[in-house]
Novice: 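Before I ask anything, let me first share the structure, which is written out below as structure tokens.
Naming convention: chains lettered A, B, ... in sequence-line order (proteins, then strands); numbering from 1 in each chain. As the structure is a prediction and not an experimental result, all values here were calculated from the model.
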Protein chains: 2
Amino acid sequence: MAQQTERPRRAPLTTDRVLRAAVALADDGGIDVLSMRRLAQELGVVPMALYKHVANKEQLLDGLVDLVVGEIDPPDPDLDWKGAVRQRILSARRALLRHPWARRVMEAQAAPTPAVLAYTDSVIGTFLAGGLSVDLTHHVMHALGSRIFGFTQELHQDGHVSDPAELAAMAQQLAEVFPNVVAVATSRLHDEESVVGAGCDDEFEFEFALDLLLDGIDRLHQAGWSSRRRQPVGPT
Amino acid sequence: MAQQTERPRRAPLTTDRVLRAAVALADDGGIDVLSMRRLAQELGVVPMALYKHVANKEQLLDGLVDLVVGEIDPPDPDLDWKGAVRQRILSARRALLRHPWARRVMEAQAAPTPAVLAYTDSVIGTFLAGGLSVDLTHHVMHALGSRIFGFTQELHQDGHVSDPAELAAMAQQLAEVFPNVVAVATSRLHDEESVVGAGCDDEFEFEFALDLLLDGIDRLHQAGWSSRRRQPVGPT
DNA sequence: ACCTGAACACCGTTCAAGT
DNA sequence: ACCTGAACACCGTTCAAGT
């Protein structure tokens with residue numbers, strides 16, 4: 001019932017404003033709430049007005065990915081290849097933690113956007129500058145895969161049950177059917193004074209896996225590994 | 001206009017028939033074509049009839065995942081832990097190759113299904129039976145993550161351009177902006193007699209990454225690694 | 001009691017009508 | 001020429017009406 005006549009007072013729509021509003025919407029509502037219609041509503045605009053600035057939803061999502069990838073720090077020129085890649089990947093991970101929806105959007109993308117290609121090119125450049133062969137770098141990029149964007153390889157995150165008593169009860173029941181899962185999931189609890197339900201240290205797990213790969217790569221590099229010889233990767 | 005009165009002649013709906021029809025539909029139409037309405041149509045049934053056999057779409061998808069996970073071979077008792085895990089993961093990968101839609105469905109699942117938990121429990125059991133500590137196994141499971149289900153860490157698969165001339169032209173143009181990407185992507189072409197556009201050997205890349213991880217794990221195991229000491233993972 | 005058609009509250013996008 | 005409302009062809013699911 002309030003006067004609603006100053007509608008045209010709004011700042012004019014630009015692609016940038018559309019993208020920023022979309023990021024904000026996804027950040028605090030999740031990716032499922034980001035629809036063209038809802039985004040338009042958020043901007044105080046009729047749905048079709050968006051199509052003046054983005055060709056379609058797919059292009060909108062591409063724009064969002066580019067914004068997130070743009071948040072990844074540039075490489076530190078003072079570090080060696082392993083340190084530089086490591087630091088960059090951890091920066092990418094922090095960007096993904098700020099925008100958790102970005103992971104699924106990137107995975108659903110049919111083709112890489114220019115920003116994604118540029119970042120990939122830069123990471124490859126770091127390996128090559130560090131002396132890794134083009135051949136090894138090729139396989140290394142496959143092995144790291146989307147982890148270079150800070151993706152974790154986890155499947156399900158810990159469903160957060162906050163009540164310790166409830167969690168203990170669940171664990172006991174689960175242990176009868178899946179004893180190994182429970183033993184491993186609660187392993188940290190035995191040796192620490194910590195409360196039940198502390199959960200995993202995601203940062204530690206990410207770095208553990210990352211270092212496992214980077215150190216394995218370093219070992220192959222120093223051994224002069226080549227896929228043409230296809231010698232075993234392993235110890236001995 | 002043809003007689004359509006023998007409608008009730010159809011085999012009666014069962015949960016099993018619903019799930020199998022859904023797998024078939026997703027297998028040859030992709031996951032996007034699998035809607036409740038389309039599935040009902042495929043079964044010659046009114047959409048609401050499905051809800052007698054699955055509570056909702058989420059439960060339908062859970063059922064599909066369980067079918068796919070059920071295709072993974074049991075562990076070979078004659079192998080050591082590394083061989084057994086390796087063979088199992090490669091079997092999981094073959095299941096995923098048969099049902100490419102399963103990956104996205106599993107990633108969108110909120111909670112693991114019983115079959116997923118059972119498989120996970122079994123893989124953990126193999127590590128523990130092989131003598132790995134509960135502590136190391138915990139971190140190892142995180143590091144392998146969804147790769148134990150045959151997931152690849154890739155982000156975008158090679159967009160298949162079949163025409164070699166077109167591909168060469170694209171590469172040349174791309175090389176001006178992303179030289180490292182092009183150098184690495186075409187690395188296999190230099191040393192082989194192969195035609196341009198041969199693409200990557202996905203099987204080799206998958207096993208390369210898997211062995212990098214398994215061998216790194218083996219090394220930690222043999223060194224008596226423990227997260228409590230948090231010694232570096234690397235080569236001294 | 002069982003089954004099911006219409007309806008609800010959404011989508012992304014097209015397109016023609018209005019200014 | 002520009003903007004936009006109605007419409008189209010979909011969703012998953014609720015619910016009341018019909019048998």
Novice: Report yes if the side chains of A:F149 and A:V68 come closer than 4.5 Å at any heavy-atom pair, otherwise no.
Specialist: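 Side chain of A:F149 against side chain of A:V68, heavy atoms only: no contact under 4.5 Å found.
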Novice: Please report the distance, rounded to the nearest Å, between CG in B:L34 and C1' in D:dG12.
Specialist: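 To the nearest whole Å, that distance equals 12 Å.
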Novice: Please determine, for the side chain of A:V46, which listed nucleotide (D:dT13, C:dG12, D:dT4) has the closest atom?
Specialist: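 Out of D:dT13, C:dG12, D:dT4, the nucleotide with an atom closest to A:V46's side chain is D:dT4.
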Novice: Measure the distance from CG on B:L13 to P on C:dT4 and round it to the nearest whole Å.
Specialist: 10 Å
Novice: Using 30° and 60° as the class limits, which term best fits the ring planes of B:F204 and A:H139: parallel, tilted or perpendicular?
Specialist: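 Answer is perpendicular, since the angle exceeds 60°.
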Novice: Can you check whether A:H138 reaches B:C200 side chain to side chain, under 4.5 Å on heavy atoms?
Specialist: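 The answer is yes; the side chains approach within 4.5 Å.
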Novice: Would B:D211 and B:R86 count as a salt bridge (Lys or Arg N to Asp or Glu O under 4.0 Å) here? Give the steps.
Specialist: CA-CA 8 Å; B:D211 289 335; B:R86 200 184 121 96; 2.7 Å; yes
Novice: For DNA chain C, which ranges pair as stems of 3 or more consecutive Watson-Crick or G-U pairs, with both donor-acceptor distances under 3.5 Å?
Specialist: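 C:4-8 with D:12-16, C:12-16 with D:4-8 - these are the stems of 3 or more pairs that involve DNA chain C.
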Novice: Could you tell me how far apart A:K52 (NZ) and C:dG12 (C1') are, to the nearest whole angstrom?
Specialist: 16 Å
Novice: Any base atoms under 4.0 Å from A:M48, or only sugar-phosphate, or nothing? Heavy atoms, all strands.
Specialist: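 If one applies the 4.0 Å heavy-atom cut-off, A:M48 turns out to touch a base.
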Novice: Measure the distance from CG on A:L25 to P on C:dC11 and round it to the nearest whole Å.
Specialist: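 It works out to 11 Å between those atoms.
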Novice: Looking at C:dT4, D:dC3, D:dC11, which one has an atom nearest to any side-chain atom of B:R37?
Specialist: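 For B:R37, the side-chain atoms sit closest to D:dC11.
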Novice: Choosing from D:dG12, C:dG12, D:dT4, which nucleotide comes nearest the side chain of B:K57?
Specialist: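 Looking only at side-chain atoms, B:K57 lies closest to D:dG12.
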